[in-house]
Q: 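The structure's right below; bear with me while I get my questions together.
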Protein chains: 2
Amino acid sequence: MELISRNSKIPLYYQLYEILLNRIKDGTWQPDDLLPSEAELVDQYDLSRATVRQAFDMLVNQGWVFRRRGQGTFVSRPTIEQNLSRIVSFWEDMQQRGLEPGTKVMAREIIPASEDLAEELQVTPGEELASIVRLRLADGEPMSVEYSYLVHQNCLGILDQDYANNSLRQMLRDQFNINLVYARQRIRAVPASEQLAELLDIEPNSPLLHIERVSYSDQDIPIEYLEINLRGDRYTFYTELRD
Amino acid sequence: MELISRNSKIPLYYQLYEILLNRIKDGTWQPDDLLPSEAELVDQYDLSRATVRQAFDMLVNQGWVFRRRGQGTFVSRPTIEQNLSRIVSFWEDMQQRGLEPGTKVMAREIIPASEDLAEELQVTPGEELASIVRLRLADGEPMSVEYSYLVHQNCLGILDQDYANNSLRQMLRDQFNINLVYARQRIRAVPASEQLAELLDIEPNSPLLHIERVSYSDQDIPIEYLEINLRGDRYTFYTELRD
DNA sequence: TAGTGGTCTAGACCACAAA
DNA sequence: TTGTGGTCTAGACCACTAA
């Protein structure tokens, strides 16, 4: 049983949320399984019921579990929506596809925001941005080249972190208390430039899936502008639409 | 000021939620306006803070408001979500982009379902499908080539309709009582074949946005398999992701 | 009847933003 | 320094479900 740290900066309810979510993700608890009752978790982790409920609330809101009064809390059957329209890190994405993810950091630097980037991130042109260029690998083969831009003021010192082995989302949450909860994307098909073609080990002008994504925090503030160039021959983007 | 009834069966937090939501909907509070603080509402309605927060939680989860620590709770700007993740017809889509839509029907016929198509549409191979090939125009210029497949049994006689000037969705709804409410898509970047390149008036191997879409009725029955080949230089796909 | 989640109270201390 | 939301506690009573 994982433990909850009372000294950590991470809130107790969030630690519990992660513990529970992990058990769902790793299959310890299967769809329709009964979760421990709120009272059990109160005893087990020495938390108040309100804190336990706060963790459960997150799981319910995200569709991982559902509650039945008088019966208990149960794991949801996976809906397709969760798998399709969620924000996923490259790491998660590749693992879901059964591929071994890898990352090579090609460059990292502080740059002034261009007009376009400033508009996307809702800052003034010239504002300091933390820029990272990463080559993404799947099963050792190049999959994509990503250009990431963060408003440096929001995450001072982030360029010193270990990008290759840590999820950006996780670093933002744990070290800067920034939760990325929502993103807007533009997707196009473009021909590969000479430079990208070489990095991706494909012919120039091969089709790339080009994604421009702005991710927002839970406070509606744009946090990251991400440009992804995916090999058309290796990557399919899944999504779903509703009426 | 609306009042909260302590005798009602409706929970206090829900009554408060409705009061607050109404003021947002009727425009009393505009986007970016500051809502009353939690403490104010506690005093005003004689509720505990937890109850007020529960009402706020609902508004936050539904995207009506967002919180800023140290500042207050604010009305959200209307999200683009509704415009992004909805099913839209080619017609609507082009009009939203300010382009004049047009359609040329290239072929229409009844064909037996291949293995792949049968699986997508959940029928047995060989089942009769209504197949339509359309060239889509925007401002008179080729935009995409669409291959559409419908289970003929669901919409007998549909091939006799006027495809060029009527929305398929509308025909299905009005004449066959079929509502398309949900769709799953796969999006890839592919090189244009000789044939597609000629139809689209582009160079062979130019990048195309290739979309495979299965649309489902309100009864969860797959209705249409649609393959869209969009010119990469003319079309951008918008979408949004949530945590 | 016992156990579950649903609602609600009355506090407390904290981190953060603005004046 | 003041007021805001963020987190947490230790209770309480209720409605519902299943045994």
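Bear in mind that the values here come from a model prediction, so they are computed numbers and not experimental data. Within every chain, numbering begins at 1; the chains are lettered A, B, ... in the order of the sequence lines, protein sequences first and strands thereafter.
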Q: Taking C-beta and beyond as the side chain, do A/L168 and A/L150 meet within less than 4.5 Å on heavy atoms?
A: yes
Q: Counting distance only, does the side-chain N/O of A/T73 pair as donor-acceptor with the main-chain N or O of A/R67 below 3.5 Å?
A: no
Q: Identify, between A/G70 and A/L47, the residue whose nearest nucleotide on DNA chain D lies closer to the 5' end.
A: A/L47
Q: Between A/D116 and A/S114, is the side chain to side chain donor-acceptor pair (under 3.5 Å) condition met? List the steps.
A: CA-CA 5 Å; A/D116 288 349; A/S114 66; 5.5 Å; no
Q: Could you tell me, to 10°, how much the axis swings from one end of the helix from C/dT1-D/dA18 to C/dA18-D/dT1 to the other, five pairs per end?
A: 10°
Q: With a 4.5 Å cut-off on side-chain heavy atoms, are A/L226 and A/Q185 touching?
A: no
Q: Begin with the C-alpha distance, continue with both residues' side-chain angles, and end with the deciding distance and a verdict on salt bridge (charged side-chain N to carboxylate O under 4.0 Å, His left out) for B/R213 and B/E224.
A: CA-CA 8 Å; B/R213 177 189 299 172; B/E224 184 194 31; over 6 Å; no
Q: Quick one: does any side-chain atom of A/D139 pair with a main-chain N or O of A/E141 as donor and acceptor, under 3.5 Å?
A: no
Q: Tell me every residue that passes ring pair (Phe, Tyr, Trp, His ring centres under 6.0 Å) with A/Y14, counting only those two or more places apart in sequence or in another chain.
A: A/Y17
Q: So, is A/Q71 near the phosphate of D/dC16, with a side-chain N or O under 4.0 Å from OP1 or OP2?
A: no
Q: Whole angstroms only, please: what is the CZ-P distance between A/R69 and D/dC16?
A: 5 Å
Q: Taking the six-membered ring of A/Y235 (Phe, Tyr or Trp), confirm whether the NZ or CZ of A/R97 is under 6.0 Å from its centre and within 45° of its axis.
A: yes
Q: Judged by each residue's nearest nucleotide on DNA chain D, which is more toward the 5′ side, B/L35 or B/A50?
A: B/L35
Q: Does any residue of residues 5-13 of chain B have a heavy atom under 4.0 Å from DNA chain C, and if so, which ones, in number order?
A: B/R6, B/P11, B/L12, B/Y13
Q: Only counting residues at least two apart or in another chain, list the ones meeting side chain to side chain contact (heavy atoms under 4.5 Å, CB included) with A/P36.
A: A/W29, A/E40, A/L41
Q: Counting any heavy atom closer than 4.0 Å, what does A/R49 reach on the DNA or RNA strands: base, sugar-phosphate only, or nothing?
A: base
Q: Sequence neighbours excluded, which residues qualify as ring pair (Phe, Tyr, Trp, His ring centres under 6.0 Å) partners of B/F74?
A: B/F66
Q: For DNA chain C, note the earliest and the latest nucleotide, 5' to 3', having some atom under 4.0 Å of a heavy atom belonging to chain A.
A: C/dG3 to C/dT7
Q: Write down the distance between OH (B/Y14) and C1' (D/dC14), rounded to a whole number of angstrom.
A: 20 Å
Q: For B/F56 and D/dT4, what is the distance between atoms CZ and P respectively, to the nearest whole Å?
A: 11 Å
Q: Within the 4.0 Å heavy-atom criterion, would you say B/R53 contacts the bases, only the backbone, or no part of the nucleic acid?
A: base
Q: Quick one: are A/L12 and A/R6 in side-chain contact, heavy atoms under 4.5 Å?
A: yes
